[in-house]
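Right, one structure below, let's go through it.
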Amino acid sequence: MPKKTIADLGDLTGKRVLVRVDFNVPQDKTTGEIKNDRRIRGALPTLQALLKAGASIVAMSHLGRPSGDAAKDALLTMDRVAERLSTLLSKRVTKAGSTVVGPEVTAAVAAMNPGDIVMLENVRFDAREQKNDAEFSAAIAALGDAYVNDAFGTCHNDKDASMVGVPAKMKADGKPRAVGMLVAKELEIIEGLMGHPKRPVLGVMGGAKVSDKIAFIHALLGKVDHLLIGGKMAYTFLKSLGVDVGATRVVEEELAAAKPLLGFVGGKITLPVDYLAAKSDDLTAAQVFEGNITAGFEGVDIGPKTLALFAEKIKSSATVIWNGPVGWFEKPAFSKGTKGVAEAMAASGAVTVVGGGETAEAVEQYGYDTKMTHVSTGGGAFLAYVEGKPFQSLTQIDDK
Ligand code: 3PG
Ligand code: MG
């Protein structure tokens, strides 16, 4: 059932709308500089529509995972994000105060005129945020007449006050709640993908750990006609099947996680048939192996035969869903596989959906993001939604 959207909020003229966005953007670890603003750009349609409707906006998000170390946490203040949002909206965006809630914030919000927008400080700077604290939720809820959830990337977090406690309090107070355009689009596309996809459906998986994605892989296997597995996790499967993976590190618990899936290999699951492996002590020495990998070498990418096989599969599919890079793509020398998969998807006539932070970054880096049907802003949220996990955050928003 689709959720109420901002069009269902009624007349917003002069109303204050609290918008939970996911501006948890990747940052440079030493300078705090924003490395990719895709998530900020993703929320612009909703923010612009609300401003156009005559509302004022109180936007809020978390940024990173504050540790309590003051020097490190200083990089996680919302200032840079507010500044970037201001540039993208061509409009002044100020931070409401130096704490998330409090008299300074209440006064700044009260002083807003229609068309104004302020940002709250990083909601995780207040320890009550991740405890879904009732008092904290009430203090935030008091700042708005209506609530909008446009934070798809965080929708799976069930203990966050800004995602669950705030809309719950607003519901209790009879204030309207809706999903934003980004969340509505993500839900529609992923639901369509899992509900009635065009067949044949192909899944492409990569990334490091089988154990992290085991529920996702099972959910995918229930939907797809075929699943290609590359990336670091492929070596776990290969090792389980008796292939010597050389110096590629595969731990016991990963082997255990892969075990129940081994029966699918050769049937629904295709593993790499060749791989690029580099010398552990000299990454510039890399060569392609078929079968066993020589001692001292570790797998870093899929090989050319595998890429050709994967590209062929992509070409003959009607829907392709991809999560997880198939190689160590951050290193240009090991990025051929990941780039090749992105290229094949971009060139195909299939419905193409990409999910997961790293995968989305890779696709964008190669300039193929606009050639995909959809690139999700969700990492963990994308995986959890595909798995069919219920989201507490969304239960606070009424169905249409
Ligand atoms: C994410 O990037 O996964 C979301 O922004 C949620 O952040 P978290 O993983 O720190 O809860
Ligand atoms: Mg996460």
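These numbers come from the heavy atoms of this one structure, side chains and all, not from hydrogens, waters or symmetry mates. Whatever order the structure lists them in is the order used to number ligands and atoms, beginning at 1.
- One N or O on the side chain of Trp322 and one on the backbone of Gly324 form a donor-acceptor pair closer than 3.5 Å.
- The part of Arg124 lying near ligand 1 is the side chain, judged by heavy-atom distances below 4.0 Å.
- Phe334 and Phe329 have their aromatic ring centers separated by at least 6.0 angstrom.
- Close approach of ligand 1 to Asp22 (heavy-atom distance below 4.0 Å) involves ligand atoms 4 (C), 5 (O).
- Which parts of ligand 1 touch Thr154 is read off a 4.0 Å heavy-atom cut-off, strictly below it: atoms 5 (O).
- Tyr275 is connected to Leu255 through a chain of hydrophobic side-chain contacts under 4.5 Å among Ile, Leu, Val, Met, Phe, Trp and Tyr, so both are in one cluster.
- Closest protein heavy atom to atom 9 (O) of ligand 1: Arg65 NH2, 2.7 Å.
- Contact atoms of ligand 1 toward Asn24: 1 (C), 2 (O), 4 (C), 5 (O), 7 (O) (distance under 4.0 Å to a heavy atom of the residue).
- Closest to atom 4 (C) of ligand 1, if we only count protein heavy atoms, is Gly153 O, 3.3 Å.
- Every atom of ligand 1 with a heavy atom of Asn157 under 4.0 Å away is listed here by number and element: 6 (C), 11 (O).
- Taking atom 6 (C) of ligand 1 as the reference point, the nearest protein heavy-atom neighbour is His62 NE2, 3.5 Å.
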**Request:** Given side-chain contact (heavy atoms from CB on, under 4.5 Å), test Asp73 with Ser67 step by step and report yes or no.
**Result:** CA-CA 7 Å; Asp73 291 353; Ser67 60; 3.4 Å; yes
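- Of all the heavy atoms of Arg39, the ones lying under 4.0 Å from any atom of ligand 1 belong exclusively to the side chain.
- For the pair Thr306 (side chain) and Val273 (backbone), a donor-acceptor distance under 3.5 Å is present.
- Not a single heavy atom of Met163 sits closer than 4.0 Å to an atom of ligand 1.
- Summarising the geometry of Thr359 relative to Asn323, their closest heavy-atom pair is OG1-C, 3.8 Å, with the distance given to 0.1 Å.
- Here the closest heavy-atom approach between residue Tyr385 and residue Leu394 is recorded as CE1-CD1, 4.4 Å.
- Not counting sequence neighbours, the partners of Thr248 by the side-chain contact (heavy atoms from CB on, under 4.5 Å) test are Tyr235, Val245, Ile293, Glu298.
- For Gly379, the heavy-atom gap to ligand 1 stays at 4.0 angstrom or more.
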